[in-house]
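Written out below as structure tokens is the structure these notes cover.
Quick note on labels: first sequence line is chain A, next is B, and so on, each numbered from 1. This one's a predicted model, so the numbers in the text were calculated from it and none came from an experiment.
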Amino acid sequence: MKSITKQKTFDEIKEQLDGLDKVFIVGCGTCATMTKTGGRDEVLGMKDSLQEAGKIVSGWMVIPTACDEMTEVALKENSGAINSSNCILVMSCALGVHKIGSYVDKVVIPALDTLFIGLENEPGNFHEVCAQCGQCVLGQTAGICPLTACHKGLLNGPCGGTNKGKCEVDIMKDCAWTLIHQRLEAQDRLDLMRKYQPPKNYQATPRPRTIKIV
Amino acid sequence: MTTRFKEALNSGQFVITSEIGPPKGTNIEKMFHHIDLLKDKVVAMNVTDHQSSVMRFPSIGGCLAIKERGGEPILQMTCRDRNRLALQAELLFAYTRGVGNVLCLTGDAVPVGDHKEAKGVFDLDSSQLLRTIRQLESGKDLGGNDLDGAVEFCAGAIVTPEADPIKPQLLKFEKKIESGAEFFQTQAIYDLENFAKFMTYARKFPVKILAGIVLLTSARMAKYMTENVPGIFVPQNLIDELAAAPKGEALNKGIEIAGRMIAALKKDSVCDGVHVMAIGREELVPDILAAAGL
Ligand code: SF4
Ligand code: SF4
């Protein structure tokens, strides 16, 4: 699993930092390093940009996996610099922002936008494959998720927008239902697509979603 | 309640429907004018539902206006903007106001429209909406709860005979029939040979098919449609015919082509009727019908 992130514009980051002049920067050594949004290089780049913009950078670190339990230890090791700051600018996905926010009594500011949970199909090419709907239908759709890969999240086949096998919203994107049909046909399992799918249960696990595993 | 439209479909006559695009704003005179112009010339009029995801006066509002003016409306309902509660509520309302025909559509994607940041709903899809109608007719809502007064509709859907690829589209067509579609209005067709092939297949099913006729206004527009609009193919000979029309005559040529196609479909009883769309030029529909000899 990879959390795919994108850096916010520097203007938006500055706006969030309004009135917060001493900044401690935290990056993440896992997903955000892979997506080149919060690894060592990006953290150092952010440090320079902030200093140029007149901010004081009290320190920085790249936590191996920001959403992990070890984050607490890493933060403690830097408690001096963190305590002297107004805020922590987090260059990880929102999971890391939450994790850090739960340990530190400090303003926590996200530097990244968390886009989706995805796979890297070719180097540098990430795509969303699952929207965590709580009721997986991949068994009926030849392993392609209609909720994620189809722009409209349709369950019973294509809309009228299929355009030469591409989706009406973007000629660069494949129509999910064209792909699902192709694969099911190749597997001789088209009956699965012929079967009516009732309306989805969008409250399979109502928000906020929690689960206790015993 | 058997609607006038349903009676016409079942009578065996060649059924002509057309389309009204509600205004963007509150000036409804032009829409009234189009309704008055068409209400006696066509069997029924569809009212589009924020077509192309462009915010407009609502479909149900247009349908009520058609009723008030003595016409027969077909309510277009997309799944883009309302969840299952709102869709069911609107169906209850439509039924009580005598709007008895519904065309169920998935709806265009939000980003193609004029509110590109809006949330697309798509809680249901077109097959599920058709089943919702049949469920409401049985006296129960989608949650399985009893209704105090049920509905009855003539329900239909759309099909794209020129979809590429075609197989998934036909599979969906059959699913819509199983879900309760009684009639289909097709996406615009221009290649009569290909459409005849589609009809040979579609005739196997107990549904009425009205061929979509969209007025071509110029060679440029025809070329744009065939290159950019999903599921539309305009054969080169029609584009050439429009291009060869004398200056200022392309529109008349387009009317002639549309009329010619309708006449051919009717003469050979290829399908059960036509759905004529003039997209913003509704006042030209009578000319198209005249060109078809109707
Ligand atoms: S159906 Fe799609 S969104 Fe739902 S769990 Fe499966 S892959 Fe994820
Ligand atoms: S074109 Fe295909 S992927 Fe796009 S919304 Fe329609 S069915 Fe979904």
- Query: Checking heavy atoms, do the side chain of B:T132, its backbone, both or neither come under 4.5 Å from chain A?
  - Reply: neither
- Engaged part of B:D108 at the chain A interface, taking heavy atoms whose separation is under 4.5 Å: both
- Task: Could you look at B:K167 and say if it's the side chain, the backbone, both or neither that has a heavy atom under 4.5 Å from chain A?
- Result: both
- Donor-acceptor pair, side chain of B:D125 and main chain of A:L154, under 3.5 angstrom: no
- Message: Looking at A:E42 and A:K6, is there a salt bridge between them, counting it only when a charged N and a carboxylate O are closer than 4.0 Å?
- Response: no
- Heavy-atom distance under 4.5 Å to chain A: side chain of B:R80, backbone, both or neither? neither
- Item | Side-chain (A:R189) to main-chain (A:Q140) donor-acceptor, under 3.5 angstrom | no
- Query: For B:V47 and B:P22, which heavy atoms make the closest approach, and how far apart are they?
  - Reply: CG1-CG, 3.5 Å
- Option in A:G157, A:C159, A:P199 with maximal non-hydrogen atom pairs under 4.5 Å from chain B: A:P199
- Among B:V159, B:L171, B:N228, which residue forms the greatest number of heavy-atom pairs with chain A at distances under 4.5 Å? B:L171
- Query: After noting the C-alpha distance and the side-chain angles of B:Q187 and B:I158, does the key distance pass the side chain to side chain contact (heavy atoms under 4.5 Å, CB included) rule?
  - Reply: CA-CA 7 Å; B:Q187 172 62 289; B:I158 62 159; 5.9 Å; no
- Query: Side chain, backbone, both or neither: which part of B:A109 has an atom under 4.5 Å from a heavy atom of chain A?
  - Reply: both
- Where on A:K195 is there a heavy atom nearer than 4.5 Å to chain B: the side chain, the backbone, both, or neither? backbone
- Message: Contact between B:F198 and B:E162 at the side-chain level, heavy atoms closer than 4.5 Å - yes or no?
- Response: no
- Do A:L50 and A:I25 have side chains that get closer than 4.5 Å, going by heavy atoms? yes
- Query: If you count heavy-atom pairs under 4.5 Å between each of B:D123, B:V110, B:V112 and chain A, which one has the most?
  - Reply: B:D123
- Query: By a 4.5 Å heavy-atom criterion (distance strictly below it), what part of B:Q135 contacts chain A: side chain, backbone, both, or neither?
  - Reply: neither
- chain A heavy atoms under 4.5 Å from B:S127: which part of the residue, side chain, backbone, both or neither? both
- Message: Report, in residue-number order, which members of residues 200-214 of chain A are under 4.5 Å from chain B by heavy-atom distance.
- Response: A:K200, A:Y202
- Task: Kindly indicate whether the side chain of A:I63, heavy atoms from C-beta on, has any atom under 4.5 Å from the side chain of A:K99.
- Result: no
- Item | Carboxylate-amine/guanidinium contact B:K175 B:E178, below 4.0 Å | no
- Message: Nearest 0.5 Å, please: how far is NZ in A:K164 from SG in A:C175?
- Response: 13.5 Å
- Message: If you define the side chain from C-beta out and look only at heavy atoms, does anything of A:R40 sit under 4.5 Å from A:W60?
- Response: yes
- For A:E185, is it the side chain, the backbone, both or neither that has a heavy atom under 4.5 Å from a heavy atom of chain B? side chain
- Would you say the side chain of B:V234 lies within less than 4.5 Å of the side chain of B:K223, judging by non-hydrogen atoms? no
- Task: Tell me, for B:Q169 versus chain A, whether the close heavy atoms (under 4.5 Å) come from the side chain, the backbone, both or neither.
- Result: both
